[in-house]
Amino acid sequence: MSDTLVAGKVTVAPAQFVQVKYDAAEIAALVTDLARQLGVSNPIELTIDETTPLAKIICELDAVSSDAVIRISAQSGALENTKVLTTLGPVQTKVAVGRMLLRARDRMREDFADAPSDNDLTREENAAWDTYCAGRLLRAGYEIQEQRWRYNYRNRFGFSDAVDADFDRLWAADDLGWASLFPGT
């Protein structure tokens, strides 16, 4: 028995889950469809840590090219159905992995060359990039709760009309560079 499931260009590890009720084949199908809809043709390796209910998710590229492998590491809570704990949430999976695929796609652009690795992002940088990605996912037809992302953004940048205006700018944008993600740019 292999510890990974390979489905086309998508690899999911582990292939069988013990602590959560996730199905690697279902996850691979969701990620494959998501990548197709978002225009991401790179190979994708998704590793899920089922030993923690936390929800951190990060991505990295092995190179900055159109054939780079996108490596996504997720804690199981990032993919969990929040109404039925320990079960896979297809909507949550699409939103979490979709943000990472958009980040990976961004990282392949020259105007994101200065972006730190996901592990080195500040909370503010993470909130701004998440806002930018979530807005694009909404326009791509995914189920996104704008208020959740607005509240996250406000928690990092403050509660003011200026912060809300900047959130709206990121939320509506489609082609920003790294430096343009931050207030006043």
Side-chain angles (χ1 to χ4, degrees), residues 1-109 112 117-119 121 126 129-149 152 171 174-175:
M1 175 172 63
S2 173
D3 60 346
T4 61
L5 171 88
V6 179
K9 288 189 169 191
V10 175
T11 303
V12 177
Q16 291 190 325
F17 293 88
V18 176
Q19 297 182 7
V20 292
K21 298 173 194 100
Y22 292 4
D23 180 276
E26 179 183 3
I27 294 168
L30 288 168
V31 173
T32 298
D33 188 52
L34 184 64
R36 182 188 54 74
Q37 289 178 345
L38 295 177
V40 176
S41 59
N42 304 66
I44 300 165
E45 295 177 359
L46 174 58
T47 303
I48 302 160
D49 180 357
E50 67 175 319
T51 66
T52 176
L54 300 177
K56 184 173 183 172
I57 186 167
I58 61 169
C59 75
E60 60 183 28
L61 299 172
D62 67 350
V64 182
S65 67
S66 60
D67 61 346
V69 175
I70 300 171
R71 290 188 175 90
I72 301 172
S73 298
Q75 295 174 332
S76 66
L79 312 180
E80 185 176 52
N81 179 338
T82 55
K83 294 183 180 181
V84 185
L85 300 180
T86 72
T87 64
L88 183 69
V91 170
Q92 292 83 353
T93 299
K94 290 175 186 177
V95 171
V97 175
R99 288 188 349 262
M100 295 303 103
L101 293 178
L102 288 174
R103 278 191 186 189
R105 199 173 76 185
D106 290 343
R107 286 184 186 282
M108 289 185 238
R109 295 176 27 181
F112 273 84
S117 71
D118 278 9
N119 279 326
L121 292 171
N126 198 52
W129 207 349
D130 275 348
T131 297
Y132 177 49
C133 291
R136 291 184 286 168
L137 284 172
L138 176 70
R139 286 186 298 288
Y142 292 93
E143 190 176 322
I144 303 289
Q145 296 174 347
E146 179 182 344
Q147 282 307 115
R148 171 189 175 209
W149 299 104
N152 182 59
W171 191 258
D174 283 314
D175 197 27

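Positions are given from 1, in the same order as the sequence printed here. Just so it is clear, the structure is predicted and the values come from calculations on it, not from any experiment.
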Quick one: does [X]'s side chain have a donor or acceptor within less than 3.5 Å of a partner on [Y]'s backbone?
X      : Y      : result
Asn42  : Ala68  : yes
Ser76  : Thr52  : yes
Glu80  : Gly89  : no
Asp3   : Pro14  : no
Arg109 : Arg105 : no
Asp62  : Val69  : yes
Arg99  : Thr131 : no

Contacts of Phe17 meeting ring pair (Phe, Tyr, Trp, His ring centres under 6.0 Å) (sequence neighbours excluded), chain-then-number -> Tyr22

Taking it one step at a time, do Leu34 and Thr93 satisfy side-chain contact (heavy atoms from CB on, under 4.5 Å)?
CA-CA 10 Å; Leu34 184 64; Thr93 299; over 6 Å; no

Give the minimum heavy-atom separation between [X] and [Y], together with the two atoms involved.
X      : Y      : value
Ile144 : Ala134 : CG1-O, 3.8 Å
Ala24  : Ala15  : CB-O, 3.3 Å
Ala78  : Ala96  : O-CB, 3.5 Å
Leu38  : Ala140 : CD2-CB, 4.2 Å
Gln19  : Glu50  : N-OE1, 2.6 Å

Salt-bridged, [X] to [Y], with N to O below 4.0 Å?
X      : Y      : result
Arg71  : Glu60  : no
Asp174 : Arg136 : no
Asp106 : Arg103 : no

Could you grab the distance from atom [atom1] of [X] to atom [atom2] of [Y], nearest 0.5 Å is fine?
X      : Y      : atom1 : atom2 : answer
Leu138 : Glu146 : CG    : CD    : 7.5 Å
Gln92  : Lys94  : CD    : NZ    : 10.5 Å
Leu101 : Cys59  : CG    : SG    : 8.0 Å

Applying side-chain contact (heavy atoms from CB on, under 4.5 Å) to Val10 and Leu5, what does each step give before you reach the verdict?
CA-CA 8 Å; Val10 175; Leu5 171 88; over 6 Å; no

How about Ile48 and Val12: do any of their side-chain heavy atoms sit closer than 4.5 Å?
yes

Are the side chains of Asp23 and Leu88 in touch, meaning some heavy atoms are under 4.5 Å apart?
no

How about Trp149 and Tyr132: are their ring centres within less than 6.0 Å of each other?
no

Does atom CD of Glu143 have more than 12 heavy-atom neighbours, drawn from other residues, nucleotides or ligands, at distances under 6.0 Å?
no

Would you please test Ser65 and Asp67 for side-chain hydrogen bond (donor to acceptor under 3.5 Å, both in side chains) and show each step?
CA-CA 5 Å; Ser65 67; Asp67 61 346; 2.6 Å; yes

Checking side-chain hydrogen bond (donor to acceptor under 3.5 Å, both in side chains) against Lys21, which of Thr86, Asn81, Thr87 comes through?
Thr86

Just by distance, with hydrogens left out, do Asp49 and Thr51 show a side-chain donor and acceptor under 3.5 Å apart?
yes

Hey, mind stepping through Thr11 and Ile44 against side-chain contact (heavy atoms from CB on, under 4.5 Å) and telling me if it holds?
CA-CA 6 Å; Thr11 303; Ile44 300 165; over 6 Å; no

CA sep, side-chain torsions, deciding dist, call: Leu121, Ile58, side-chain contact (heavy atoms from CB on, under 4.5 Å):
CA-CA 10 Å; Leu121 292 171; Ile58 61 169; over 6 Å; no

So which pairs with a foot in residues 38-62 pass ring pair (Phe, Tyr, Trp, His ring centres under 6.0 Å), sequence neighbours left out?
none

